[in-house]
Amino acid sequence: MTYLPPTRRLRERRDTAQALTRLFYRERAVTLACGRFVPFVAPLEHKAELARTAWESALAADALRERVFELRYPSRFLDEQAEELRVDNPDALRRTVRGLRDDYAAYFGAGDDLSDGPSLRLVVQALRDKERQAEALGPIGELLREEPARDARYFLSSFYWPDALDAAYPYGEGVALQLRSAVSHLNEVWAVEAAGSILDALADELGWEFVREAARWLYDESRHMVMGKRRLEQWGFLPHELPLGGYIYEACRGEDPIYKLGMLGYFETKNIGRKRERSAAFHAMGDSTSEVDMEFDWADETLHAEYGRRWLRRLLEARGRDPESWPEVLRRCEELVQERIGQATPEDLARIRARADALVAAAEARAVA
Ligand SMILES: [Fe+2]
Ligand SMILES: [Fe+2]
């Protein structure tokens, strides 16, 4: 018998699903490594870049995973990994990112946009991200042994404002409020570290959906940190004038990661009720940068409050505990923070008070009418 010949050379559907599955596991390994590294690199820019790479990689992985499910419809499954992929240091991270970039480019080059258009669409986006990451991850040096690693250009003080140690120290109004709010944003560095750390530590217990949301959480907290950093820089402050701390992260260092989740889910969103009022105060001062930063932060925090509630319950459940027992976790978080505060010395308070007073005075001196 005779037949018409094939008209295009195409990759088979089953092979396509397998190729996309392998890309998924590598993106997942990149996401987890970025989270795990965040507390161990000192420069804030490096923490922020790891956070962004984690988020972009989680988005690529999620799109790959959904596409594999489509190709295997009606079943929804991913093949098991042939071997556990673990990215252990920044060099291996860069190698993995460059390898993914090249493999996306090859996939795209060999793809057929009629039969496999949906894959090509996600591959193009992932390729663009990997090209950016391959550049941006370049400067990240060796991981430090101590966590949280702190950027020595700043005024390092675990307690980044006197009010953590002395409730009578005012939060401030006017210029002091603008400054205090920016210093708070900068000091969300602890939230960046907590989010990175739980992303990796709880990935196996909580599964892919958690990893995807924790990567977004990590990226959001890094944006809040950079918001503060930029406002302070643009007002002309130098890093050595700016307190940079992390007592909340220090309070749960070495503890079960459930407490980092508790700290992040509840302590970081604690001021959510004040944010509207603060953004209105900035509006009245004509400081539209602080106002808009605060509005976007507020939008992110409403998401985070929901993440915190949901994942804390799920984790308790996964561990065979009553999901409604989450208030116990928060009580322990509160205790850990109080213990850390209890270790502060009168010298710690005097030192941060002097820095904060000087910073408020410097801000007032450069305020405009
Ligand atoms: Fe935040
Ligand atoms: Fe948050």
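Keep in mind it's a predicted model, so treat the numbers as computed, not measured.
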Engineer: Please lay out, stage by stage, how Phe24 and Trp208 fare under the test ring-ring contact (aromatic ring centres under 6.0 Å, His included).
Structural biologist: CA-CA 11 Å; Phe24 164 81; Trp208 174 251; 5.1 Å; yes
Engineer: Parallel, tilted or perpendicular: which one describes the rings of Trp217 and His304, with boundaries at 30° and 60°?
Structural biologist: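 Geometry flag for His304 against Trp217: tilted rings.
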Engineer: Is any side-chain N of the basic residue among Arg253 and Glu193 closer than 4.0 Å to the acidic one's carboxylate O?
Structural biologist: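 The answer is no: the pair does not qualify as a salt bridge.
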Engineer: Quick check: does any side chain N or O of Asp151 sit under 3.5 Å from a backbone N or O of Leu44, one acting as donor and the other as acceptor?
Structural biologist: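 Judged by distance alone, yes, a pair lies under 3.5 Å.
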Engineer: Less than 4.5 Å apart, any side-chain heavy atom of Met263 and any of Leu336?
Structural biologist: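 In short, these two side chains touch, coming nearer than 4.5 Å.
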Engineer: Without swapping roles, check the side chain of Ser325 against the backbone of Asp322 for a donor-acceptor pair under 3.5 Å.
Structural biologist: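 Yes; at least one donor-acceptor contact below 3.5 Å.
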Engineer: Using 30° and 60° as the class boundaries, would you call the ring planes of Tyr219 and Trp55 parallel, tilted or perpendicular?
Structural biologist: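 Aromatic pair Tyr219/Trp55 classed parallel.
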Engineer: Tell me whether Arg340 contacts the main-chain N or O of Ile248 through its side chain, where contact means a donor paired with an acceptor under 3.5 Å.
Structural biologist: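 No; judged by distance alone, with no hydrogens or angles, the pair does not exist.
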Engineer: Scan side-chain atoms only and decide if Glu27 and Thr31 contain a donor-acceptor pair under the 3.5 Å cut-off.
Structural biologist: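 There is no such pair (donor and acceptor under 3.5 Å, judged by atom type) between the side chains of Glu27 and Thr31.
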Engineer: Please check if the side chain of Lys229 supplies one atom and the backbone of Leu186 the other of a donor-acceptor pair under 3.5 Å.
Structural biologist: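 Side chain of Lys229 to backbone of Leu186, a donor-acceptor pair under 3.5 Å: no, none is there.
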Engineer: Would the distance check show the side chain of Arg231 and the main-chain N or O of Gln178 forming a donor-acceptor pair, the cut-off being under 3.5 Å?
Structural biologist: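 Side chain of Arg231 to backbone of Gln178, a donor-acceptor pair under 3.5 Å: no, none is there.
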Engineer: Any side-chain hydrogen bond (donor to acceptor under 3.5 Å, both in side chains) involving residues 5-24? Give me the pairs, sequence neighbours left out, ordered by first then second residue.
Structural biologist: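 side-chain hydrogen bond (donor to acceptor under 3.5 Å, both in side chains) check on residues 5-24 returns Arg8-Asp112.
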Engineer: Counting C-beta onward and ignoring hydrogens, is there a side-chain heavy-atom pair between Ser57 and Gln133 closer than 4.5 Å?
Structural biologist: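 Yes, side chains in contact.
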Engineer: Would a single hydrophobic cluster contain both Val337 and Leu349, if residues Ile, Leu, Val, Met, Phe, Trp and Tyr are joined by side-chain heavy-atom contacts under 4.5 Å?
Structural biologist: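 Same hydrophobic cluster.
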Engineer: Is the side chain of Asn187 donor-acceptor paired with the backbone N or O of Pro243 at a distance under 3.5 Å, no angle test?
Structural biologist: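 A pair under 3.5 Å: yes.
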Engineer: What pair of heavy atoms forms the shortest contact from Cys252 to Tyr259, and how long is it?
Structural biologist: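 Nearest heavy atoms, Cys252 then Tyr259: CB-CB, 4.3 Å.
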Engineer: Look at the side chain of Arg94 and the backbone N and O of Ile140, then say whether any donor-acceptor pair between them is shorter than 3.5 Å.
Structural biologist: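 A pair under 3.5 Å: yes.
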Engineer: For the hydrophobic clusters of this structure (ILVMFWY residues joined by side-chain heavy atoms under 4.5 Å, transitively), does one cluster hold both Leu359 and Val175?
Structural biologist: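 Leu359 does not cluster with Val175.
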Engineer: So which pairs with a foot in residues 315-356 pass ring-ring contact (aromatic ring centres under 6.0 Å, His included), sequence neighbours left out?
Structural biologist: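 Checked against ring-ring contact (aromatic ring centres under 6.0 Å, His included) - neighbours excluded - the pairs reaching residues 315-356 are Tyr266-Trp326.
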Engineer: In terms of hydrophobic clusters joined by side-chain contacts under 4.5 Å, are Met225 and Met227 together?
Structural biologist: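 Shared cluster, no.
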Engineer: Take Leu137 and Leu50 through the test side-chain contact (heavy atoms from CB on, under 4.5 Å) and record every step on the way to the result.
Structural biologist: CA-CA 8 Å; Leu137 294 169; Leu50 288 168; 4.1 Å; yes
Engineer: Taking only residues two or more places apart in sequence or in another chain, which ones pass salt bridge (Lys or Arg N to Asp or Glu O under 4.0 Å) with Glu306?
Structural biologist: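 With neighbours one apart ignored, the set is Arg310.
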Engineer: Looking at Glu324, is its backbone amide N or carbonyl O close enough to the side chain of Arg313 to form a donor-acceptor pair, meaning the two atoms are under 3.5 Å apart?
Structural biologist: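 Checked: no pair found.
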Engineer: Could you tell me the separation between the NZ atom of Lys275 and the CG atom of Asp293, rounded to the nearest 0.5 Å?
Structural biologist: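 Between atom NZ of Lys275 and atom CG of Asp293 there are 11.0 Å.
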Engineer: Does the side chain of Asp357 reach to within under 4.5 Å of the side chain of Tyr169, using non-hydrogen atoms?
Structural biologist: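 SC-SC contact between Asp357 and Tyr169 confirmed.
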Engineer: Is the count of non-hydrogen atoms from other residues, nucleotides or ligands lying under 6.0 Å from Glu83 atom CD greater than 12?
Structural biologist: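 No, CD of Glu83 has 12 or fewer neighbouring heavy atoms, counting only those of other groups under 6.0 Å.
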Engineer: Mind running side-chain contact (heavy atoms from CB on, under 4.5 Å) on Tyr247 and Tyr160 for me, showing each step along the way?
Structural biologist: CA-CA 8 Å; Tyr247 70 98; Tyr160 60 83; 4.2 Å; yes
